[in-house]
Amino acid sequence: MRNSLPWIGFMSVAVSLSLASCGDSKPAGPQAPPPVAVDVYTVAAGNATYFDSYPGTATPLNQVDIKPQVSGNIVGIFFKDGQQVKKGQKLYEIDQQQYKAAVEAAKANVDVARANLAKSQQDADRYEDLAKQDAIAKQTLDHQRADLEASKQQLAAAQANVASVETNLKYSVIYAPFNGTIGISQVKIGTAVYPQTLLNSVSTDDPMAVDIAIDQAEIPKFSHYFATGAKPKDSLFTVMLPDGSIYPYPGSLYLLDRSVDPTTGTLKARITFPNAKNELRAGLTANIRVKHDAGDSSLLIPYKAVVEQLGEYFVFVVNEGHALQRKVVLGTRIADKVVARSGLQAGDKVVINGVQKLRDSSAVAVAPPKAPTAAGAASAGK
């Protein structure tokens with residue numbers, strides 16, 4: 001029994017060493033992926049001058065459809081299609097024969113009514129004298145007084161009829177309502193026309209307006225433009241014509257519509273432009289460019305740093321060796337950069353290369369700034 005105890009102790013030590021060696025041979029757990037190599041861009045405030053673009057349609061400030069107010073055949077057209085016309089210029093003439101005859105007949109009726117009135121006045125005066133002598137019945141005098149009043153009313157009606165037919169005669173000649181450009185005539189000489197027949201249209205063309213629709217969220221900004229009266233020389237509003245050229249004359253905000261269209265959530269804004277050469281024509285479609293000069297207060301980032309997900313935009317900001325995904329609101333794109341309206345601050349470092357390999361909170365290794373080409377070549381030769 002004395003010899004067994006040392007043997008048991010030896011076996012215990014051996015088992016312990018065996019277990020320790022088995023623990024050392026246990027396979028290691030999964031290792032973390034290596035950091036992703038990325039390039040970063042340091043966000044800084046800068047000068048961002050850019051243009052917001054709005055589709056628009058050229059609209060005359062004043063346009064009138066020329067329609068007759070009397071019936072008849074067109075006997076005269078006194079302009080050339082598309083020419084400039086002056087206010088009061090004779091445009092069309094409708095056959096006046098029937099209207100002149102109506103005026104003459106109405107004037108003759110006035111003469112007849114005036115003669116009847118004179119006769120009634122004489123009879124009334126005579127009956128008044130006889131009544132004073134009790135030579136006629138009172139009823140006879142009353143009837144004559146009524147006849148005299150009727151004669152007066154008949155004369156007034158005849159004179160009103162003269163005014164009516166003279167108006168019709170005047171309407172048989174149609175004049176330009178204001179200075180402007182007249183379109184292509186819709187009728188020819190000899191055409192029978194009636195009230196509300198469209199003959200032509202006249203519109204003003206200098207200045208010319210361009211109407212755009214702005215989102216209701218932009219109403220405060222445009223209200224500020226309207227209140228401060230942005231002057232044309234500031235070039236705040238310019239027109240890009242359909243051929244891509246820029247109209248040489250800047251415009252000014254003329255009005256904002258009274259209400260928002262509930263179906264689209266937009267408000268109509270009207271900008272006017274000088275148009276001495278008639279380059280802007282009614283119905284022309286063009287783009288209004290609204291200039292924004294933010295000075296040194298805008299944050300610009302490279303557009304390649306932006307990741308779009310389900311209509312929202314994100315960037316990866318490096319912080320203590322990790323890339324954190326951050327939502328941003330973007331503004332206008334300017335060349336290879338874009339305005340970051342919110343979500344970033346000056347000094348943030350956003351990833352610009354290696355974005356596709358990142359997930360939120362990925363470990364990153366920021367590459368050092370690239371040396372100039374000449375310095376890189378000299379370094380390689382050493």
Side-chain angles (χ1 to χ4, degrees), residues 44-63 178 180 203-301 303 313 328-335 337-344 346:
N47 189 335
T49 299
Y50 58 92
F51 294 90
D52 286 333
S53 183
Y54 302 84
T57 303
T59 305
L61 290 179
N62 197 2
Q63 179 171 317
F178 47 75
S203 62
T204 57
D205 45 34
D206 188 18
M208 180 67 73
V210 179
D211 289 346
I212 62 174
I214 63 172
D215 189 87
Q216 56 189 353
E218 297 180 292
I219 292 177
K221 177 174 64 178
F222 277 80
S223 296
H224 174 72
Y225 294 153
F226 189 72
T228 56
K231 297 178 176 56
K233 66 180 182 180
D234 297 333
S235 300
L236 181 62
F237 301 100
T238 53
V239 177
M240 178 179 288
L241 299 174
D243 63 357
S245 63
I246 303 300
Y247 187 64
Y249 306 103
S252 58
L253 184 58
Y254 183 74
L255 63 83
L256 296 174
D257 204 357
R258 65 177 184 84
S259 62
V260 174
D261 185 341
T263 60
T264 61
T266 60
L267 182 75
K268 181 185 291 184
R270 176 166 290 177
I271 299 98
T272 57
F273 296 85
N275 192 35
K277 297 181 180 179
N278 205 23
E279 295 179 69
L280 299 178
R281 294 180 177 268
L284 178 77
T285 57
N287 286 325
I288 293 292
R289 304 192 314 159
V290 182
K291 182 180 180 180
H292 289 270
D293 189 350
D296 295 329
S297 60
S298 292
L299 298 179
L300 292 172
I301 61 173
Y303 189 75
Y313 298 95
V328 293
V329 176
L330 302 181
T332 300
R333 184 171 178 179
I334 306 171
K337 291 185 171 58
V338 64
V339 175
R341 292 182 175 176
S342 65
L344 293 174

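Numbering starts at 1 and runs along the sequence shown. Note: hydrogens, waters and symmetry copies are ignored here, and every other heavy atom, side chains too, is used.
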Is any side-chain heavy atom of Lys277 closer than 4.5 Å to a side-chain heavy atom of Tyr249?
-> yes
Would you check if the side chain of Asn287 reaches a backbone N or O of Met240 as a donor-acceptor pair within less than 3.5 Å?
-> no
Can you measure from CZ (Phe226) to OG (Ser252) and round to the nearest 0.5 angstrom?
-> 10.0 Å
Output the distance between atom CG (Leu256) and atom CD1 (Ile219), rounded to the nearest 0.5 Å.
-> 8.0 Å
Distance-minimising heavy-atom pair for Ala286 and Val239 | CB-CG1, 3.6 Å
Counting distance only, does the side-chain N/O of Thr59 pair as donor-acceptor with the main-chain N or O of Thr57 below 3.5 Å?
-> yes
Rounded to the nearest 0.5 Å, what's the gap from OG1 on Thr238 to CD1 on Ile288? Could you check?
-> 7.5 Å
On the 0 to 90° scale, with breaks at 30° and 60°, tag the Tyr225-Phe237 ring pair as parallel, tilted or perpendicular.
-> perpendicular
Output for pair (Arg281 CZ, Ser203 OG), nearest 0.5 Å, gives 9.5 Å
Ile271 to Ile212 - nearest heavy-atom pair and separation = CD1-CD1, 3.7 Å
If you look at every heavy atom in Ala346 and Ala44, which pair is closest and at what distance?
-> CB-CA, 4.4 Å
Closest heavy-atom pair and its distance - Ala209, Leu61 | CB-CD2, 3.7 Å
Are more than 12 heavy atoms from other residues, nucleotides or ligands located less than 6.0 Å from atom CZ of Phe222?
-> yes
Compare every heavy atom of Asp243 with every heavy atom of Ser245, then report the nearest pair and how far apart it is.
-> OG-OD1, 2.6 Å
Mind checking what makes salt bridge (charged side-chain N to carboxylate O under 4.0 Å, His left out) contact with Asp215, not counting sequence neighbours?
-> none
Quick one: which of Arg289, Lys221, Lys291 gives a salt bridge (Lys or Arg N to Asp or Glu O under 4.0 Å) with Asp52?
-> Lys221
Report the residue from Asp257, Thr266, Leu267 that forms a side chain to side chain contact (heavy atoms under 4.5 Å, CB included) with Ile214.
-> Leu267
Thr285 side, atom OG1; Leu241 side, atom CG - distance, nearest 0.5 Å = 10.0 Å
CZ (Phe178) and CD (Gln63) are apart, to the nearest 0.5 Å, by 7.5 Å
Compare every heavy atom of Thr272 with every heavy atom of Pro207, then report the nearest pair and how far apart it is.
-> CB-CB, 4.5 Å
Are any non-hydrogen side-chain atoms of Asp206 and Asn278 less than 4.5 angstrom apart?
-> no
Only counting residues at least two apart or in another chain, list the ones meeting salt bridge (charged side-chain N to carboxylate O under 4.0 Å, His left out) with Asp211.
-> Arg270
